[in-house]
Amino acid sequence: MSDKTAAEKKASFHVKAGDVVIIALVLAAAAALSAVFAFGQPAAADGGFAVISTPDGRTEYPLCHDAVIPIGGRGHTLTAVIENGGIRVTESDCPDGICVGIGRASKPGEMIVCVPAGVIITVKGGGVEGFDAVAG
Amino acid sequence: MLSRDKGGAGYSAARHVAADAALLGAALILSYLESLIPMPRAVPGLKLGLANIAVILCGYLVSLPDACAVSVMRILISSLLFGSVTSLWFSLTGGIMALIVLAALLLTPARNKVSPTGVSIACAAAHNTGQILAASIVFGSPGIFRYLPILLLFSVVFGLITGASADRVIYAASRFGKK
């Protein structure tokens, strides 16, 4: 391999203007997309969050932080508790109490609804169910 | 796709078959090597894309139709050997997206403005976009797209590595006059 010369070194790694354009485009797309997804993201990468929507508006709570959340709506008062990555309604003074009876919601898409208070609690994902089975 | 006229300078059908078979073999070995390298599970679908080297070599040294054949066969066989049925659809969608980008770069005047490294990065980014697209359809959730930015970031890094490798081989091959 004595014939390896400066010519080969020069040719061994050549970057053209188009390469820079491609890299810039890909990075710009990545930045733009992450900016779009930055809104409404949970603090923890693995966890989901609960969207509590009441007649007064909607609030999001990350499921990775335990919390006791009082919720008011249409003259009723509910108490929601976040623990172990799930949310449930522990107390409610609404007449039927279905929201308490429905139990815990922890998976993306699961909902707790209290019709008398006009409260809807929806779990939104971080991690998407079923992804652990995918390889390759 | 193995016809004389579509190939590079004076390639016979037999040379096409031989070159495609050799590159398909190389692509499968690279897929196997890749399956041995652990990737962080936090980012689903993250891959080195080593087999991309063989596909880009095929696109430059043989012809674009041959690159399509090698890529699709590589995906079908490696999914059977190392993957799953679900991963087949992700890879296939990604592979087709990458081939469209490869065609767009090699068949247009853009060919003279980019090196194999740039082509590799563009193909890697297209592959990742395609597989996320397939995943979002399979899982019925567009939320999977939030993995795309990090995958695009890695496609620049990994595309640089595989592209530089392909670049070296293409240069070495060019020193033999013809392939």
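Every chain is numbered from 1 and lettered A, B, ... according to where its sequence line falls, protein lines coming before strand lines. Predicted model only: the values in this text are computed from it and were never measured.
Looking only at side-chain heavy atoms (C-beta outward), Asp19(A) and Val119(B) stay at 4.5 Å or farther from each other.
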Show every donor-acceptor pair shorter than 3.5 Å between a side-chain atom in residues 70-79 of chain B and any protein atom, with sequence neighbours excluded, or say none if there are none.
| from | atom 1 | to | atom 2 | distance (Å) |
| --- | --- | --- | --- | --- |
| Arg74(B) | NH1 | Ser31(B) | OG | 3.0 |
| Arg74(B) | NH1 | Ser78(B) | OG | 3.2 |
| Ser78(B) | OG | Arg74(B) | O | 2.9 |
| Ser79(B) | OG | Ile75(B) | O | 3.0 |

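Looking at Ala125(B), only its side chain comes within 4.5 Å of chain A, counting heavy atoms on both sides.
Put simply, of Ala122(B), Gly118(B), Ser120(B), the one with the most heavy-atom pairs under 4.5 Å next to chain A is Gly118(B). Of the listed residues Ala29(A), Ala30(A), Gly18(A), Ala17(A), the one with more heavy-atom pairs under 4.5 angstrom with chain B than any other is Ala30(A).
Here the NZ atom belonging to Lys16(A) is positioned 10.0 Å from the OG1 atom belonging to Thr117(B), to the nearest 0.5 angstrom.
Connection of Met97(B) to Leu33(A) is not established within any shared hydrophobic cluster, with ILVMFWY side chains joined at heavy-atom distances below 4.5 Å, either directly or through further cluster members. Both Ile170(B) and Leu106(B) belong to a single network of hydrophobic side chains, linked directly or stepwise wherever heavy atoms of I, L, V, M, F, W or Y lie under 4.5 Å apart. Hydrophobic clustering (side-chain heavy atoms under 4.5 Å, transitive across Ile, Leu, Val, Met, Phe, Trp, Tyr) groups Ile96(B) together with Leu133(B). Cluster membership for Val81(A) and Leu78(A), using ILVMFWY side-chain heavy atoms within less than 4.5 angstrom, is not shared. Hydrophobic clustering (ILVMFWY, side-chain heavy atoms < 4.5 Å, transitive): Leu25(A) and Leu27(A) are in distinct clusters.
Taking 4.5 Å as the heavy-atom cut-off, the residues of residues 149-159 of chain B that approach chain A are Pro149(B), Leu152(B), Leu153(B), Ser155(B), Val156(B), ordered by number.
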Would Val114(B) and Ile22(A) satisfy side-chain contact (heavy atoms from CB on, under 4.5 Å), going step by step from the backbone distance to the final call? CA-CA 9 Å; Val114(B) 292; Ile22(A) 286 171; 3.7 Å; yes

